[in-house]
Every structure is written in C-alpha cells, then in structure tokens.
Amino acid sequence: MHFEESDEEKMFREAVREFAQKHVAPVWQDYDKNHEIPRDLIKKMADMQLWAPTVSEEYGGAGISMTMACIAAEELARADLSIALPVMYLVEASWAFIYDLYGTHESKSEILPRVTKGDLFFGIATTEPTGGSDLVNSTKTVIKPKGDGYVVNGEKVYISGIKETEKYGGVYWTLGKSDPKGDHKAFDAFILPLNMGDGLHPGITTTLFEDMGRMGVSTGGFNIENVEIPKHYLIGEHGKGFYHAMEGFSAARVLIGATCLGSAEGCFDIGVDYVKQRRQFNRPLAAFEGIQFEGGDSWMALQADRHLVYHAAWIMDQHYREKNPNYNKLDIARYTAAAKYKAPHDALDVITRAMTWHGAFGYTKECPLEAAYRGVRSYTVGAEGGAHIQKIVMAREIFGAENLPYRQEKQV
Ligand SMILES: Cc1cc2nc3c(=O)[nH]c(=O)nc-3n(C[C@H](O)[C@H](O)[C@H](O)COP(=O)(O)OP(=O)(O)OC[C@H]3O[C@@H](n4cnc5c(N)ncnc54)[C@H](O)[C@@H]3O)c2cc1C
C-alpha cells in the first residue's frame with residue numbers, strides 16, 4: 001500500500017492549484033451571478049491540456065490517468081466552490097474518455113480534437129421525461145437504421161451544458177433503443193451532433209431549466225426529430241450501448257466524488273479561518289469545544305472521502321491502464337458508486353457546519369459557502385444517478401444480482 005502521490009502527481013496538483021487559484025478563484029462568484037463561465041477561461045484550461053485531459057494524445061488530449069483527472073477536479077472545485085466549472089470539466093473528462101475507448105477512429109478524429117481545444121462541448125444525454133434511474137423502461141428515444149446511417153427520434157431532459165452547446169457548439173453521448181420494447185441489450189450509444197459550430201441542428205429544439213445551484217453551467221433538454229447521423233457516430237458495438245454508458249457513469253461518479261471533496265475542503269478552510277478570528281464570549285469561536293468537535297467531524301469525513309475517491313480512481317487506473325486482471329468493471333461500478341454517494345453527502349455536512357460557524361453571514365449571498373451548498377446538492381439529488389441508485393449498485397455486488405428488486409419482480 002502506498003498512500004503518497006507520485007512526484008508526477010504532486011507536480012500536476014501544484015500546477016492545477018496554481019492555475020485554479022489564479023484564474024478560477026477570482027471569477028467564479030461573477031459567473032455564479034452571470035450564469036456563464038467565460039469562454040476565455042475554458043480556452044485557457046484547454047491551452048493547459050486540462051479540457052478533457054483523459055482523452056488520448058492522438059486526439060489532442062493529455063492521456064492522463066483517472067487519479068490525475070480526480071486531482072484536477074479536486075483542485076478546480078477548491079477554487080470554484082459552486083462547482084460549475086468542475087462540472088463542465090468532469091462531464092468531458094469522463095464521457096469523452098469512454099468515447100475514446102469505444103468510438104470509431106473516423107468520428108473521434110472529427111470530434112475529439114475540437115473537444116480538447118475547448119471548442120465543442122462533449123455532453124451526456126441519457127435522462128428522459130419518463131425517468132433517469134430506470135433507463136431500461138424509461139428510454140423512449142429510438143435509433144433506427146436509415147440508408148448508410150441512422151435516424152434518431154426522442155427527447156432528453158435535465159441535460160447539462162445545453163445553453164453552452166447552443167451558443168458555442170457541442171455534441172452529446174446519447175442513448176437510444178433500436179427496439180423500443182427491448183431490454184438493456186436493445187441500447188445503442190451514439191454521438192448526437194447538436195451544434196457542430198454552425199448552429200443548432202435543424203432537427204433539435206432545446207429548452208432550459210433554472211437550477212438552484214452551479215449557476216455557471218446550464219441545465220436543459222432537447223427534442224430530437226428525425227435527426228440523421230452517419231454510421232460511424234455509433235459508439236461501440238450495436239446493442240452494447242447500455243454497458244458502455246455504465247462505464248461512463250462510473251468514470252463520472254469518481255470525478256464527482258473528487259469535485260465535492262474539493263469544494264468541501266475549500267469551505268472547511270474558510271470555516272476554520274473564520275472561527276479562529278471571530279470572537280464571542282471573550283474568545284475565538286475556535287476555542288469552544290462545540291466548534292472543535294464539529295471541526296473534527298468535518299476533517300474525518302474529508303479524510304474518509306479522500307481515501308474512497310482516490311481508491312476508486314486507482315481501481316479504474318488498474319483496470320483501464322495497467323490491465324490488472326484483479327479489477328473488473330463491476331468493482332469499478334461499486335467503488336465509484338460509493339465515492340459518488342458518500343463524498344457529496346459528507347460535503348453537504350461539512351459545508352453546512354462551516355455555514356453555521358459564520359452565523360447570519362453564512363446565510364447571505366456575500367458568503368461564498370451558500371453557492372457551494374447549492375452546487376454540491378445537485379449530486380445528492382440526482383445528477384449522474386440518484387443517491388438510491390448508488391446504493392443499488394453497491395447492493396448488487398453485496399447481495400448478488402439475482403436479488404436486485406427489479407429482477408425479483410420478474411420472478412414473482
Ligand atoms: C443538475 C443536474 C444535472 C443533470 N445533468 C444531466 C446530464 O447532463 N445528462 C443526463 O442524462 N442527465 C442529467 N441529469 C439527470 C440525472 O441523471 C437524473 O436526475 C437521475 O438519473 C435521476 O433521474 P430522475 O431525475 O428522472 O429521477 P427518477 O428516476 O424519477 O427517480 C426519482 C427518485 O427516486 C429514486 N429512485 C429511483 N429508483 C429507485 C429505487 N429502485 N429504489 C429507491 N429509490 C429509487 C431516485 O434515486 C430519485 O431520488 C441531471 C440532473 C441534475 C439534477
């Protein structure tokens with residue numbers, strides 16, 4: 001066992017921290033109010049090879065490990081407590097990574113260099129009006145062969161990055177069924193070109209939702225009407241889309257853990273500084289045991305989450321990079337689900353304590369902590385899979401797939 005970052009990882013963390021503290025920390029509260037991350041900030045990140053950095057060098061990425069990708073997510077969220085920029089970062093670092101594994105060379109050559117330059121957003125679209133948890137029964141989007149390619153019809157909702165895609169360009173990793181009545185083997189994953197930089201595709205109409213947090217990145221939805229895509233936009237094998245998407249969720253989930261950890265660490269530091277300075281009853285608040293015990297609770301939670309997140313990232317690296325046969329995709333799913341569940345929930349506790357330490361000021365918009373609270377809450381509500389679903393993923397490994405409730409229903 002080795003609990004220390006390698007020299008390369010330490011240097012990388014240092015470089016990202018310096019960048020994030022210099023370029024992200026001073027502006028995030030502005031984009032939390034203006035609801036748009038400045039384009040030049042994204043371009044600066046791309047110049048540093050920090051945009052979709054997990055993509056291989058062949059397609060313009062830096063080919064970094066999931067551990068390093070998590071380090072970057074953590075440092076970005078320490079700087080942008082609202083987690084808007086880290087959300088955009090992590091969606092690309094996870095889904096473009098899995099696309100790089102299974103996409104065709106032809107489509108990757110066209111799309112990924114533009115993604116890693118920060119010119120095209122690479123999003124994920126699985127959730128539909130009928131639900132996001134039970135994709136097998138909820139997915140109504142249909143992909144059918146037509147000519148040399150496919151035609152797609154359907155609707156996706158609660159999708160991150162819609163406004164940005166409409167304005168600047170973006171493609172989505174999308175899930176559809178080749179047979180509407182089929183099970184998980186009827187899914188295809190494919191690239192849906194919402195806006196290749198020349199305006200919204202004529203078959204796409206979008207809507208926007210107003211979220212409570214992470215205001216710098218938009219959430220919306222889109223209708224897909226007879227959108228034709230070329231054959232090479234299919235991601236992976238026909239009928240394997242569901243499985244590939246599960247790998248994408250795992251990658252996103254570990255990065256979400258790192259993001260929520262980073263935001264909570266940033267808030268914890270602010271809280272500790274505050275209680276050391278703020279005096280009540282003739283002494284600093286930090287001198288009261290009531291505050292100290294809460295500080296210990298927060299610190300413990302952060303350490304536990306740090307281990308969970310980086311262990312899950314390490315397992316992913318063992319599987320994808322080291323080809324270590326001791327770790328398979330089910331291990332990855334279980335550990336990343338744990339990181340996705342625990343880090344956001346603990347982060348909310350840590351942030352809540354730090355807000356409370358600030359008294360009334362902690363409840364104002366002047367105090368940066370409320371934006372962190374609003375942002376992190378998105379990952380306990382549902383983004384990249386609801387909280388209960390993470391427990392179902394873990395339970396599948398604990399009790400066996402045969403005891404999954406939805407399989408039971410089929411049995412009785
Ligand atoms: C801010 C934000 C951004 C998002 N961005 C994207 C995106 O970019 N792309 C995308 O595809 N989706 C996105 N989503 C959607 C997200 O993936 C879904 O919200 C999530 O999958 C849950 O789906 P749902 O909201 O339809 O809730 P439902 O599936 O209707 O579930 C409702 C509640 O019931 C719980 N539940 C479901 N099944 C069970 C069960 N068997 N046992 C116990 N509890 C259960 C769920 O955990 C949830 O709490 C985003 C969501 C948010 C909040």
Side-chain angles (χ1 to χ4, degrees), residues 32 35 82-96 98-99 121-141 154-166 170-176 187 189-190 192 194 206-222 224 241-242 244-246 248-253 255-256 259-260 263 337 340-341 344-345 348 371 373-396 399 401 403-410:
D32 190 59
H35 299 188
S82 80
I83 72 167
L85 181 68
V87 165
M88 282 196 94
Y89 160 86
L90 81 86
V91 167
E92 311 220 354
S94 50
W95 290 96
I98 303 294
Y99 167 53
F121 178 66
F122 193 95
I124 164 67
T126 59
T127 310
E128 302 203 0
T130 31
S133 303
D134 176 12
L135 290 176
V136 172
N137 290 305
S138 304
T139 302
K140 308 292 175 212
T141 295
E155 187 181 358
K156 301 288 175 180
V157 286
Y158 306 117
I159 306 300
S160 302
I162 293 297
K163 190 177 76 181
E164 294 78 358
T165 291
E166 198 163 349
V171 298
Y172 278 79
W173 165 305
T174 309
L175 266 189
F187 281 87
F190 53 92
L192 196 69
L194 254 65
T206 58
T207 48
L208 286 176
F209 303 112
E210 196 175 345
D211 283 333
M212 68 179 267
R214 53 194 232 187
M215 309 308 284
V217 57
S218 68
T219 308
F222 54 86
I224 316 161
F242 186 82
H244 299 325
M246 293 304 125
F249 281 121
S250 291
R253 285 169 186 170
L255 285 158
I256 287 166
T259 297
C260 293
S263 177
K340 159 69 165 70
Y341 182 89
H345 281 86
L348 274 188
Y373 184 90
R374 287 187 280 110
V376 165
R377 186 76 173 96
S378 66
Y379 285 127
T380 59
V381 166
E384 305 276 6
H388 313 88
I389 301 308
Q390 310 315 310
K391 291 192 176 174
I392 291 176
V393 172
M394 291 180 258
R396 182 181 63 196
F399 299 107
N403 284 312
L404 283 172
Y406 44 85
R407 294 208 182 169
Q408 290 292 304
E409 277 159 27
K410 273 190 188 155

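This one's a predicted model, so the numbers in the text were calculated from it and none came from an experiment. Atoms within each ligand, like the ligands themselves, are counted from 1 in listed order.
The distance from the CG atom of Leu208 to the NE2 atom of His35 is 11.5 Å, given to the nearest 0.5 Å. Atom CD of Glu384 and atom CG of Leu255 lie 9.5 Å apart (nearest 0.5 Å). Atoms SG and NZ, on Cys260 and Lys340 in that order, are 8.0 Å from each other to the nearest 0.5 Å. How far CE of Met246 is from CD1 of Ile98: 12.0 Å, rounded to the nearest 0.5 Å. Interatomic distance, CH2 of Trp95 versus NE2 of His244, reported as 11.5 Å (0.5 Å rounding). Here CG of Leu175 is found 9.5 Å from OG1 of Thr127. Values are rounded to the nearest 0.5 Å.
Scanning the protein for heavy atoms near atom 53 (C) of ligand 1, the closest one is Ala383 N, 4.0 Å. Among all protein heavy atoms, the one lying closest to atom 39 (C) of ligand 1 is Ile389 CD1, 4.1 Å. Summary of contacts: the protein heavy atom closest to atom 1 (C) of ligand 1 is Arg214 NH2, 3.4 Å. With respect to atom 20 (C) of ligand 1, the closest heavy atom belonging to the protein is Gly382 O, 3.4 Å.
Of all heavy-atom pairs between Pro129 and Val157, the closest is N-CG2, 3.4 Å. When all heavy atoms are compared, the tightest approach of Ser82 to Asp32 is CB-OD1, 3.9 Å.
Using a non-hydrogen distance threshold of 4.0 Å, Val91 does not register as a contact of ligand 1. Residue contacts with ligand 1 include Ala125, since one of its heavy atoms falls under 4.0 Å from the ligand.
The presence of a protein heavy atom under 4.0 Å from atom 30 (O) of ligand 1 is ruled out. Distance check on atom 25 (O) of ligand 1: every protein heavy atom falls at or beyond the 4.0 Å cut-off. Remark: atom 33 (C) of ligand 1 lies closer than 4.0 Å to no protein heavy atom. Inside a 4.0 Å radius of atom 4 (C) of ligand 1 there is at least one protein heavy atom.
Here Ile392 has side-chain heavy atoms under 4.0 Å from ligand 1, and that is the only part of it that gets that close. If you look at Glu384 next to ligand 1, the close heavy atoms, those under 4.0 Å, all belong to the backbone.
Considering only residues two or more places apart in sequence or on other chains, Glu128 meets the side-chain hydrogen bond (donor to acceptor under 3.5 Å, both in side chains) condition with Thr141, Lys156. Qualifying side-chain contact (heavy atoms from CB on, under 4.5 Å) partners for Thr219, counting only residues two or more places apart in sequence or in other chains: Tyr158, Phe209, Asp211.
Residue-to-ligand polar distances place Thr127 within reach of ligand 1: an N/O pair is separated by less than 3.5 Å. An N or O contact shorter than 3.5 Å is missing between Glu128 and ligand 1 by distance. Note: an N/O pair closer than 3.5 Å links Ile124 and ligand 1 by distance alone. When only interatomic distances are considered, the shortest N/O to N/O separation between Ser160 and ligand 1 falls below 3.5 Å. For Ser133, a nitrogen or oxygen atom sits less than 3.5 Å from a nitrogen or oxygen atom of ligand 1, counting backbone and side chain alike. Considering backbone and side-chain N/O atoms, Gly132 comes within less than 3.5 Å of an N/O atom of ligand 1. In terms of polar-atom proximity, defined here as any N/O pair under 3.5 Å, Tyr158 does make such a contact with ligand 1.
Atom numbering of ligand 1 starts at 1 in the shown order; those under 4.0 Å from a heavy atom of Gly131 are 26 (O). Listed by number with element, the atoms of ligand 1 under 4.0 angstrom from any heavy atom of Thr126 are 10 (C), 11 (O). Remark: ligand 1 atoms within the under-4.0 Å shell around heavy atoms of Gly386 are 47 (O).
With a 4.5 Å cut-off on side-chain heavy atoms, Leu194 and Ile162 count as touching. A heavy-atom distance below 4.5 Å is found between the side chains of Leu192 and Phe222. Ser218 has its side chain out of reach of Glu166: every pair of non-hydrogen atoms, C-beta onward, lies at least 4.5 Å apart.
Nearest to atom 43 (C) of ligand 1 by heavy atom, out of Arg377, His388, Lys391, is His388.
For Arg253 and Ser250, the side-chain atoms include no donor-acceptor pair closer than 3.5 Å.
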